[in-house]
Every structure is written in structure tokens, then in C-alpha cells.
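Below is one structure; the comments refer to it alone.
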Amino acid sequence: MTDSQKSDETATDVTETAAPAEVGGTGADAGQSPVTPEAAASDEGAGQEAENQSVENQGEDQSAGDRDNGTAVEESAPAAAAANAPAPGPRPSAPSPAAFASRPKPAAAAPAATTVPAAPGTSVAEASKWGRVEGDGHVYLTIDGEEHSVGQYPGVSDDEALLYFARKYDDVVAQIVLLEQRVSSKAPSTDMQKTVTHLREQLAERNMVGDLRSAEARLDKLAGQITELEKAEKAEHDAVRASELAAREAIVAEAEEISGQDPAQTQWKTSSARMNELFENWKAAQKSGVRLGRSNEDALWKRFRAARTVFDRHRRAYFSQLDSNNSAAKAAKEKLIAEAEALSTSTDWGYAAGEYRRLMDQWKASPRASRKDDDALWARFRAAQDVFFTSRQAANEEIDQEYAANLTVKEALLAEANAILPVKDLAAAKKALQSVRDRWEEAGKVPRADMGRIEAGLRKVEDAVRHAEEEQWQRSNPERKARTNSALSQLESAIAGLQDDLAKAEKSGDQRKIKAAQEALEARQAWLDQIQRSASELA
């Protein structure tokens, strides 16, 4: 076995069996066990705050044991281990819901560290590069060419004393490794810079043996990476917050749009359901969404609450007015129903039918009640009408049976009247039509269904006789005859004058005058022919 292996084995045995006292500290402080990577991993799994608290407590305990290097404390290893066993500390409290709510939501959850890779333990040979032991366990650190006293471990070999202080350095390196893993996995950066500061303070106390400059350089690199991680988290948090703010703004804007609708045009069932959905969305965002800041949330909530208040006020006013209108409509239609029911037993068929038409017009002009009430009121009104019109129909059917014989007589008279057409002898036609009329009135009424057909047939014959009579009058009108004779005389006189003008024009040989006289003469002659035909018809 080499000397280096012997030193490593000795150092391991010393660590497991005793925790020696350091110069300048009490038994409890000097016996503080170094934090191992496994313990640090356990703290990480329990929560970020617990890890930071553990690191701070360990640093304070180590600092207290290493401040004074002037007095040596000698204790046996077993006694020191028993006296300096670390007392169990209080369990770290879980982060509050408010702390979770205030944290920005990452785009993807960072993988949780289940194990912490332990930094390789420093060997005696490696430790000897950075420190030495002198006298009765006094240990010195060499850094930048200068030696610093880090403490004393009396009563053990030089290798054991050196490795004890090297393991302190290993503990710091283990925490640096843990922090590097958290940074590389993009874990939440909360308190990372605080951890870097704390580890720098531990290294600055110079109470350990190892490559402190290398550890400080790693901490410098971590500080820059943590700064970039914080910027990325802030940018992501700002983006999530902006998105959440836009979502809340959309909720408020839609609520304000709904509340700003004209109450008379609002679909209350749909709008009420949508307003309730918006309120549930608001509560869900308030419960699980990113916090927007008190001023933003208060301002948005005031707008949202105001919109809901206006909507509820409009809805209550609308339905209150609707109830009032419904009551008025019911009262008006109840009055019409009372009149309809009073008329339902009337046998004055013509008067009652007219009254029902009037009531129907008023019903159509009346405001509508609710669908349920309006349907029930209409059923009552229609029932009263049905009673009356059913009774009238029965009475008409009975009357129609009585009038069936009259229909047979009038159909025969209508056939006799149609035989008059076409009118050739006006006097004979008028005499025959008057005979039909006299017997038509004596025949009496016919069934209602046939009344229009029968009356229209007789009216057709009457119109033909009247038209023939008017034509005869036009032909024998004395005034028309006088006007026709006067026109004939004037045209004949004009034609004689035009004939003289044409003879003169032909004698003079003036073609223009000849043409004008011929055209005028032809026109007058055409008029004369037409009037002569009319006069012959009148004659």
C-alpha cells in the first residue's frame, strides 16, 4: 500500500470515528460535522429555502470554530464525537401559497434533482499542494504564495489533520457542484445569488485547505450564469404576466360590451350565461394565474365589478318593466275575453260577427304578455269565438236545408234569363228580363254557399240588356244628330273652297300651291266620309 493510500484510509477512519475540536471554538462549534453532498441533496428535495437555511447555519457554525487560532483545545476523539454531535434542527417550513403564486410560471418544469453528484474527495497528495501541517496539528493554507493559518487538529497524525481541513473544502465544492447542477437544469433562481455570496464568504474565511482560487473562479462563472438565468426568468415572467393581463383585459372588455348593450335588444338568457362564464374565468385566473400587481388587479376588478353591476341593474329593470307590461297586457286581454264570452251565446248573427271582428282587431293591437300567459289567454278567447261560430254554422245549415227548394226555382229562372242573350230585340229582351226578376224575388233566399253564383248569373244578363239599351240611345240622341249635321255642312263648304283654290293653283301653274291645296282637299274629304258614315248609322 502506498503512502498516499495509507493517508486516504487514515483520513477516512478519522472522519468516521471523531470530530476534533478546532482552535478558538467551543466543543459544539468545533465538532460541527461537515455538510455532505448527500445531505445537500436531501435539502434540495425538501425545498429551496431549506437548502439555503442549511448552508447558512453550517457556514455560521464553521466560522465560529475558526475565528481564533491562538488556543488549542485537546479532547479525545470519542469524547469530542459525543459532545459535538449536531443537534437536530427544526424542519424547514413549506413555502406559503403566496410564495408559490408570486413565482413566475416557467414554460416547462425543470427536472428535479434526485441525487447530487458528490465532488471527489481530496487526497493527502492533493491537499499537500495547498497546505501543510506544523507542530502539534497546526494546519496552514498556501494561497497566492502566502500562508494562512486555518486551525489546529491536535492529537492526530499530520495527514489526518490536513485531510480534516481538506474535507471542509470538499464540502464547499459539493455545494458548488449542486449549484452548478441547478443552474444547468434551469431551476428557479430564487436565492441562488445568496448562496453564491454565502460560499464566497466561507472561502474568504480561509478555514479550509484546497484550491480556493479554482472554487472562487467557479463561483464567479456561476454568478454570471445566475444573472442570465434571472434575466431569462424575468423575461418569461413578464411574458406570462403580459399574457395574463391581456386575458384579464379580454374578460373585462367582453363584460363591459355585454353590459353596454341596449336592454331592449339584449338576449338576457344568453348574455346572463356568458356573464356567469366570465365571472368563473375571472375566479380561475385569480386563483391560479400569475399575479398582476395590486394596482392592475384592483383597477381591472373595479371595471369588471362595475360592468356586472350595470348588467344586473339593467336586467332587474328590464324584467321589472316586463312584469309590469305583462300585467297590463293580461288585464287588457282579460277584458276582451269577457266581452267575447258574453257574445258567445248571442243569436244575432250579423251583429255578433261584427263585434267579434272588432274584438279580434283590438286583440291584435294589444301588447303581448309572456308566452305562457299569452297562449292561455288566446285559448280562452278562441274558445269563446268557437262557441259562437259553431252555433252560427249550425243555424246556417238548418236554414240552408229550408232554402234548397228555392235554389231549384232560381236555377230554372237563371236558365230562362240566359236565353235572352244575345239581345237582338231590345224591347222583347227587357220584357222577358222583367218577368224573370218578378219571379226571382218571389222565389226567396237560397243557401249561402250558392248565393254568389246565382246572383252573379242574373247580373250578367242584366248587364247585357243595359248595354244594348245604351247603344240604342247613343244612336238616337238628337243632340248628336244635330252636331253631325253641322259638321257635314262645314266640311262641305270647306271642300268647295279648297276645290276653287286648287283650280286657281293649277291655272297659275304654281306646283307648291297645287300640292298644298290637294293635301288639304284630301284631308277634308276623309273627314267628310267618316261623318257621313256616322250620320247613316244614326239614321
Side-chain angles (χ1 to χ4, degrees), residues 34-60 62-63 92 95 99-122 126 130 141 143-144 166-243 290-291:
V35 177
T36 65
E38 288 76 7
S42 176
D43 291 340
E44 173 67 15
Q48 182 63 40
E49 296 178 3
E51 179 210 56
N52 294 334
Q53 186 64 39
S54 175
V55 173
E56 292 173 7
N57 293 338
Q58 182 227 0
E60 292 173 0
Q62 289 178 353
S63 299
F100 274 122
S102 63
R103 293 173 63 180
K105 294 182 178 179
T114 57
T115 60
V116 179
T122 304
E126 181 69 19
W130 311 104
L141 167 69
I143 183 171
D144 298 334
R167 280 192 292 273
K168 285 189 167 188
Y169 173 76
D170 292 341
D171 292 340
V172 173
V173 172
Q175 295 178 60
I176 293 175
V177 170
L178 173 62
L179 191 56
E180 288 173 338
Q181 185 189 52
R182 291 177 58 205
V183 172
S184 65
S185 63
K186 299 188 184 302
S189 64
T190 307
D191 292 336
M192 282 188 180
Q193 292 287 13
K194 186 177 179 181
T195 302
V196 171
T197 301
H198 177 70
L199 293 176
R200 287 186 192 278
E201 292 172 352
Q202 285 185 279
L203 294 173
E205 290 175 359
R206 305 292 191 260
N207 61 352
M208 60 190 71
V209 174
D211 189 358
L212 269 65
R213 292 305 185 199
S214 174
E216 289 172 347
R218 291 171 72 178
L219 287 176
D220 291 340
K221 181 179 180 182
L222 279 172
Q225 292 175 339
I226 293 170
T227 299
E228 294 300 321
L229 183 60
E230 288 173 341
K231 290 180 180 178
E233 286 182 354
K234 184 178 184 303
E236 185 176 0
H237 176 77
D238 291 344
V240 172
R241 184 174 179 179
S243 176
V290 175
R291 293 295 177 261

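Note that the numbering runs from 1 along the sequence shown for the chain.
Annotation: the span from Lys186 atom NZ to Glu236 atom CD amounts to 10.0 Å, rounded to 0.5 Å. Expressed to the nearest 0.5 Å, how far OH of Tyr169 lies from CG of Leu212 amounts to 6.5 Å. Atom CD of Gln225 and atom CZ of Arg182 lie 13.0 Å apart (nearest 0.5 Å). Note that the OG1 atom of Thr195 and the CD1 atom of Ile226 stand 7.5 Å from one another [nearest 0.5 Å]. Here Ile176 contributes atom CD1 and Leu179 contributes atom CG; the two are 8.0 Å apart, rounded to the nearest 0.5 Å. With values rounded to the nearest 0.5 angstrom, Leu203 atom CG is found 6.0 Å from Leu219 atom CG.
Judged as a side chain to side chain donor-acceptor pair (under 3.5 Å), and not counting sequence neighbours, the contacts of Arg218 are Glu180. Taking the salt bridge (Lys or Arg N to Asp or Glu O under 4.0 Å) definition, one finds that Arg213 meets it with Asp144, Glu216, sequence neighbours left out. For Gln193, the side chain to side chain donor-acceptor pair (under 3.5 Å) test picks out Thr227, with sequence neighbours left out. Applying the side chain to side chain donor-acceptor pair (under 3.5 Å) criterion to Glu230, with sequence neighbours excluded, gives no partner residue.
Between Leu141 and Met208, the shortest heavy-atom distance links the atoms CD2-O, 3.6 Å. The shortest heavy-atom contact between Ser189 and Leu229 is CB-CD2, 4.0 Å.
The pair Asp220-Arg200 counts as a salt bridge, with a side-chain nitrogen and a carboxylate oxygen less than 4.0 angstrom apart. Under a 4.0 Å N-O distance rule, the pair Asp171/Arg167 does not qualify as a salt bridge.
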